[in-house]
Structure formats: structure tokens, C-alpha cells
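If you're wondering where the values come from, they're calculated on a predicted model, not measured in any experiment.
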Amino acid sequence: VGGEADVGGISGSMDTELDFDIEKIMASIASTTTDDVEELATSTYYCRNILTGCINDGVISGRKENVGGVVGANSVGNVVLSQNYGDVTGNGDYYGGVAGRSTSAVRRCFAMCTLEGNSYIGGVTGQGKVIEDCSTIVTTDLGAACSGSIAGWVDMNNEATCILNNYFVNEDMGGIDGISYDGVCERVTYDKLLTMKALPDEFRQLKLTFVVDGEEFETINFTYGDSL
């Protein structure tokens, strides 16, 4: 899957689209009673936007921002129990194994892939807010600004931020912007990761595919840490 911005293996964007016409709104207010105006100003709207149980194994490429293995941009949705095994590549910012940029929730998701981008590169999300019970095995350019095995960047001072029980296997890169936190985003060994009951079978049966001139040449099975 390829595109400019907001590119994902399952969904490009989990957001709201508004047809905002200020002149129409003001004309409507001018023709209503005081009670109607009060009701218009205090109405509450609810959004149910859930992506669950999805798996992507195709390569995802973008040229600008918000590119993810499952969803490109997630501002109002919940991404749950989803997996990505396709590489995420491009030249922009906010690239993630699951979500490129998420200001909503990502829970119980998994990613095993290679990530390439300019900055804000993360195994789960390039930028995240709520990330819980996720695990990754990812590789990325260690020179990228704001990169991590779980998230490239998270505002840890925001009271709404919730990052809990995330695990990753990566000896070279930390969890969030190069730093790991116990109980938040922990580095573990591959053997330790295998003890987790919810771990998908794809994490237990590793494969290496050789590609020549854009075509798959050979695929071999191997154990993590083996010499090839």
C-alpha cells in the first residue's frame, strides 16, 4: 500500500470529517429561539470507532506524514488486537509499526517489521498517547530523531497519557525516544517474550525472505539469534 500521507495497511485515518460552514451555522442560529441556541451550543456527540482483530503483512510506504502498518492517523479510534508484519517505509515523520500517529488508544497490538522514516519512528506508534499491552520486534535507523521500539515520542507530562505493560526485543534501541521504563516499555529477551500467552504464532516462527530485484528469491525459517 502506498500514498502521500495518512497511509495504513488497514485504515488510512481513524478521524472525523466535518463539513464546516460557518455562514450556514450563523444563519441557523439567527433564526432560532433562545432555547434552541442553548441546545445547539450544549449538544454532545459520541463517536464509536474501533479497529480490532486485523492483520497486515504487506509493505506500507508513504511520502509524507502519518504512515503505519495498521492505521496511518488515529485521533478518535481504538486499535485493538491487531498485528503488523509488513515493513513501513518513507521519507516523512510519524511512522509506526501499528499506527503512524495516535492521539487515541492502541491496545494489545503486535508488530514485527522494519521501519524507515525521517523522525518520530516507533514500533507501535510514531507518536502515541495511550499504548497498553503491546509487544514488538522491530528494526529502524538508529539515527532517526525521536525513535523507539514502542513509540518515537510520547508526552509523558500529559495527564491523559497512559503507557503500560509494553515489551520489546531490541538490543540497540530503547522503548520511547531511546529510553526504557519498567512497567511502561520494557526491554526483554526473546525467550522471555515467548512466555507471554497472548503472543501471536508469527513471533514464534521466524522467517527470512531474500529479495532480488524486487522479487522473492527464497524464504528460510530460523531461530532468533541464529547466524545466517
Treat each ILVMFWY residue as a node, draw an edge where side-chain heavy atoms are under 4.5 Å apart, and state whether [X] and [Y] are in one component.
X	Y	answer
Leu208	Phe217	yes
Val59	Tyr85	no
Leu81	Val98	no
Met156	Trp153	no

Any donor-acceptor N/O pair, [X] side chain to [Y] backbone, under 3.5 Å:
X	Y	value
Asn49	Val76	no
Thr161	Asp155	yes
Ser82	Cys109	no
Thr140	Leu115	yes
Asn170	Val138	yes
Thr136	Val124	no
Arg187	Gly175	no
Glu186	Gly183	yes
Asn166	Val184	yes
Arg107	Ile131	no

What is the minimum heavy-atom distance between [X] and [Y], and which atoms define it?
X	Y	value
Ile60	Gly68	CG2-O, 3.6 Å
Phe203	Met112	CZ-CB, 4.0 Å
Lys197	Arg204	O-NH2, 4.4 Å
Val88	Tyr95	CG1-CD2, 4.0 Å

- [ ] Assign the ring pair Tyr120 / Tyr94 to parallel, tilted or perpendicular, where the plane angle (0 to 90°) is split at 30° and 60°.
- [x] parallel
- [ ] Please name the residue in the list Leu164, Asn165, Val154, Ile176 that meets the side chain to side chain contact (heavy atoms under 4.5 Å, CB included) test with Cys185.
- [x] Ile176
Distance-only polar pair, side chains of [X] and [Y], donor-acceptor under 3.5 Å:
X	Y	result
Asn91	Arg63	no
Asp6	Ser13	no
Ser104	Ser75	no

Open item on the list: For Ser61, give me all partners under side chain to side chain contact (heavy atoms under 4.5 Å, CB included), at least two apart in sequence or on another chain.
Closed with: Thr89
Task: Non-neighbouring partners of Thr139 that pass side chain to side chain contact (heavy atoms under 4.5 Å, CB included), sequence neighbours left out - done: Thr114
Open item on the list: Test side-chain contact (heavy atoms from CB on, under 4.5 Å) on Met196 and Tyr167; report intermediate values, then the result.
Closed with: CA-CA 10 Å; Met196 300 179 183; Tyr167 301 95; 3.4 Å; yes
TODO: To the nearest 0.5 Å, tell me how far Glu132 CD sits from Arg108 CZ.
DONE: 9.0 Å
Open item on the list: Can you list everything that forms a ring pair (Phe, Tyr, Trp, His ring centres under 6.0 Å) with Phe168? Sequence neighbours excluded, please.
Closed with: none
